[in-house]
Amino acid sequence: MGHPFGFISTDVYARFRRTKGDNVLRDGLRQLRAARRAVRGAHRRPPRTTTEDNIAIMRRQLRRIGLGHDARRSVATTDVEFYRWTQWIFTRIFRSWFDPDAGVARPISELTAEFESGERATPDGRAWSELAEGERRSIIDDHRLVYSAEMPVNWCPGLGTVLANEEVTADGRSDIGNYPVFRRNMRQWVMRITSYADRLLDDLDLLDWPEPIKVMQRNWIGRSTGAEVRFATEAGDVEVFTTRPDTLFGATFMVLAPEHPMVDALVPDAWPVDTPERWTMATASGTAASSPGEAVDAYRSAAAAKSDRERQEDRQKSGVFIGATATNPVNGEQVPVFIADYVLMGYGTGAIMAVPCGDQRDFEFAREYGLAITAIQQPPAAWYAERDLEPTLDTSAWPEAFVGEGAYVGSDNTSGGPSGGIDLNGEHSIAEAVELINAWLESVGRGEAAITYRLRDWLFSRQRYWGEPFPIVWDEHGPRSLPDSELPVELPEVDDYSPQAHDPDDAASNPVPPLGRVDEWVNVEVDLGDGPQTYRRELNVMPQWAGSCWYELRYLDPTNADAFVDPDVEAYWMGPRQGGDGEASTVGGVDLYVGGVEHAVLHLLYARFWHKVLFDLGLVSSPEPFHRLINQGYIQAYAFTDARGQYVEASEVTEADGEFFFDGQPVNREYGKMGKSLKNMVTPDDMYDAYGADTFRLYELSGGPLEASRPWATRDVVGMQRFLQRLWRNLIDEDTGEPTVVDEPADDETRRLVARTVVGVGDDLDALRANTAIAKLIELNNHLTKAAAPVAREVAEPLVQLLGIVAPHVGEELWAKLGHDTSVVWAPFPTVDENLLVDDTIELPVQVNGKLRGTITVAADADQATVTAAALAVDNVAAHLDGAEPRKVIVVPGRMVNVVA
RNA sequence: GCGGACGUGGCGGAAUUGGUAGACGCGCCAGGUUUAGGACCUGGUACCCGAAAAGGUGUGUGGGUUCGAUUCCCACCGUCCGCACCA
């Protein structure tokens, strides 16, 4: 923003040309496009027609262009070259693996070499040379950054495709279309974004992004540090993840997710003796099950019948005992094992050790099922006091679990416990205690420190037609990537583009990729190094996010046929910068990205991931794609409902005395996003027709800060139209169309105002405050209007230049009428005489005890004594002192005077 | 429940490091111009009291720091957004 390059769009222009028809403008735009092309290659061919300064300004401004995510679509869906390079990048990801030791992605070829040389052991320890082709392929495929795997996915029958976690709403429906989504096991393509979880999290600190977006990404990645602990059972070890291994002595039961794979192996044929009846009931109101197997089945089907929404609303803890016990590794105690839906298979290991004294959820579950609650920390006195409680370690008196720092009790197994023993008792911080217990767990082989993420790998395949086909073919051992010479893989011509949608509620339906219907496309003969053979193509396509993961790079070098982007071009625009030229140093990436908050954990996360892979592979020079991010606000609009609660056409509602009427009937005013459903849409087309594109643009920019959402008010648009008309009339004779500008010098006051405006508008645009920049232009124009005299050229030219930034069409036309035959864009930003910014005399407010009582006019360089004397001489000041001597006079040079009585 | 953002005229919003609160626009009021309306031009417009000058009050509420607070600190109220049994 801050420059026509950032605003102009060809369809806005086309509309303008249609309504106004002005050749000058068309030429101006042609030159502007040429300028854009020239500057794009400026590092190679500096435009000779401009000065050094001009280039520097252009460069600075061009770096600020906001790239719209949605703009990608026009390229991605029409330009097969864009498909080619998306597929090319995909093959680089396919041919890479993440080396956890180095923390970076590396080529698969290096991994293969390590296996071949024996430097890296195979999973089952056999030599690489002993492995069959299929076994080798399978091992390698398991390491790839993008892999095909059978896994639980979000299947959306209504859309006929699977969806990424990020595309599913909190209540388990599709982000698009709001159809039900079901968890199903299917073979799909997945990107190993979890490998980058740490870097995606830590590198947020390098970015100049709005804090809410960073918070959303941090939460989405959800890093938790703690430990994995193994509890022995009859069916083998059950691994749990916990952030509080220090509370292990308080673990009095264990809970598995209902779908945990070890449940079936653990379930015995009959209930152990003395099993409480409540433990055997799948629901609080239900009946006792006669066997653990029956109880598990009953609970699972009861849980499955609950929608995600019901599960969220019903926070009552439920679960069922599965008849088995596990051994707490610190004290050897047999703890009962439950399944409960408050433990999620998708997080950690899908199993928890329950510490009811220190975790509210476990506490509630323990109370519900009458399980032991053993205190292992002494809560501080304040904790008891807040709960009106006498300090006690008898947890039956506790209203809730204690979470926090407190001295450890009952956490000692050094006498009679397993070998070595550990004693946590006494004063430790949680961090210390965690460290101690982790070391002990490791020493006895029952666990170790661990980190878990909420982030899942990214489901990357879709059963649609529109999308980049995978550059992948299949043979009997698995997937193989096509050589670059086979790219792009183009979509086949088909009669029917639509994915096969199913009954939205039919969870058992299966996806049918549209590409699978085209047999002659599916089977392809190609030479992958073993001579020409027939392979089957991958039938899925990439999600819409694939192209937007890297399109900003293609914008740098859109016609390059040899590379997705020339490395020099990439380094020039996106590389890390040391600062200088008034700019801050950055890690690189797009200087300014303007986009909506809705992309927080979708596009903005995916693109960072791809970019980091490209960075690791040496294909880009910055570790982050978007250095600075601004979330523009939404334009919202009033909507109106009639007596029946139906929305009525907002544009036909009239206002009278603060009441609103539609068709003579009173209606209710509401407020929300513009859209069809609220019948409150205002299209840019309507605004162009009624007011023109520049007026519309000015209105949008002037109403408030870029980041703020605010209501649309068609009524207010006219203000900007008046401004443009007044400005036009100040410079142009309406009858002749000729400029009325004169070559005489302007008066001193006007010159000073122009100087202040030039500097002020420049500062405002640097800070992305178009609203105040426009206000300053209006002020200058109002000054000229009031003067009611022909405007001096030295005033008109900078005014038109500044106007051209926010109103390019009118600005360009006025610039031409002022006699220029090149675009206003090419004129260097106006310079000002510094002397005009400094006034000889200044007006200072005079306060008495902080309240304004008058003003004085003094020389700008007046000394403190002079200013004080002038202030005390003001009648009203003297009156408020009431004859008394001031106790103190505070003079802030150039700003104000405060007399303390 | 947790996390984040934000509360300023009738409305959208200014006030960049604490220093004349309300720039600019809409709306409204008065006047000019006009056959009339619209458009245009001029002046006014935070609230209270006043003919005016002067005065009082005022940036969600209540405290605090300061010569001085929309701005900094504490507590509370409210609105919006995100996450939500994450072990």
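Naming: A, B, ... by sequence-line order, numbering from 1 per chain.
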What contact category does [X] fall into here, base, sugar-phosphate, or nothing, at under 4.0 angstrom with non-hydrogen atoms?
| X | result |
| --- | --- |
| A:N781 | nothing |
| A:V892 | base |
| A:R454 | base |
| A:D362 | nothing |
| A:T242 | sugar-phosphate |
| A:P210 | nothing |

* Could you tell me the separation between the CZ atom of A:R729 and the P atom of B:rC40, rounded to a whole number of Å? =>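 After rounding, the reported distance stands at 7 Å.
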
* A:M345 has an atom CE; how far is it from atom C1' of B:rA87, in whole Å? ->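 Rounding to the nearest Å, CE of A:M345 and C1' of B:rA87 are 13 Å apart.
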
* So, do A:L803 and A:L724 sit near enough that their side-chain heavy atoms are less than 4.5 Å apart? ->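 Yes; the side chains approach each other to less than 4.5 Å.
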
* For the ring pair A:F338 and A:Y369, is the centre-to-centre distance below 6.0 Å? ->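 That pair passes the under 6.0 Å test.
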
* **Each stem that RNA chain B is part of, given as range with range (3 or more consecutive Watson-Crick or G-U pairs, under 3.5 Å)** =>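 Stems (3+ consecutive pairs) listed as B:1-7 with B:77-83, B:10-12 with B:24-26, B:27-32 with B:40-45, B:46-48 with B:55-57, B:60-64 with B:72-76.
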
* Asked: B:rA87 phosphate, OP1 or OP2: any side-chain N/O from A:T349 under 4.0 angstrom?
  ->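 No, no such contact exists.
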
* Asked: Among all residues two or more places apart in sequence or in another chain, which pass the ring-ring contact (aromatic ring centres under 6.0 Å, His included) test with A:F723?
  ->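 None.
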
* Asked: Can you list the residues that meet the ring-ring contact (aromatic ring centres under 6.0 Å, His included) rule with A:W728, with sequence neighbours excluded?
  ->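 Here no residue qualifies.
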
* Could you pull out all residues at least two apart from A:T855 that satisfy side chain to side chain donor-acceptor pair (under 3.5 Å)? =>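 Scan of A:T855 (side chain to side chain donor-acceptor pair (under 3.5 Å), adjacent residues dropped) gives none.
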
N/O to N/O distances under 3.5 Å, protein versus nucleotides 27-29 of chain B:
from, atom 1, to, atom 2, distance (Å)
B:rG27, OP2, A:R722, NH1, 3.4

* Structure fact -> 5' to 3', nucleotides 42-67 of chain B under a 4.0 Å protein heavy-atom cut-off (B base, S sugar-phosphate only, - none) gives SS----------SSSS---------B

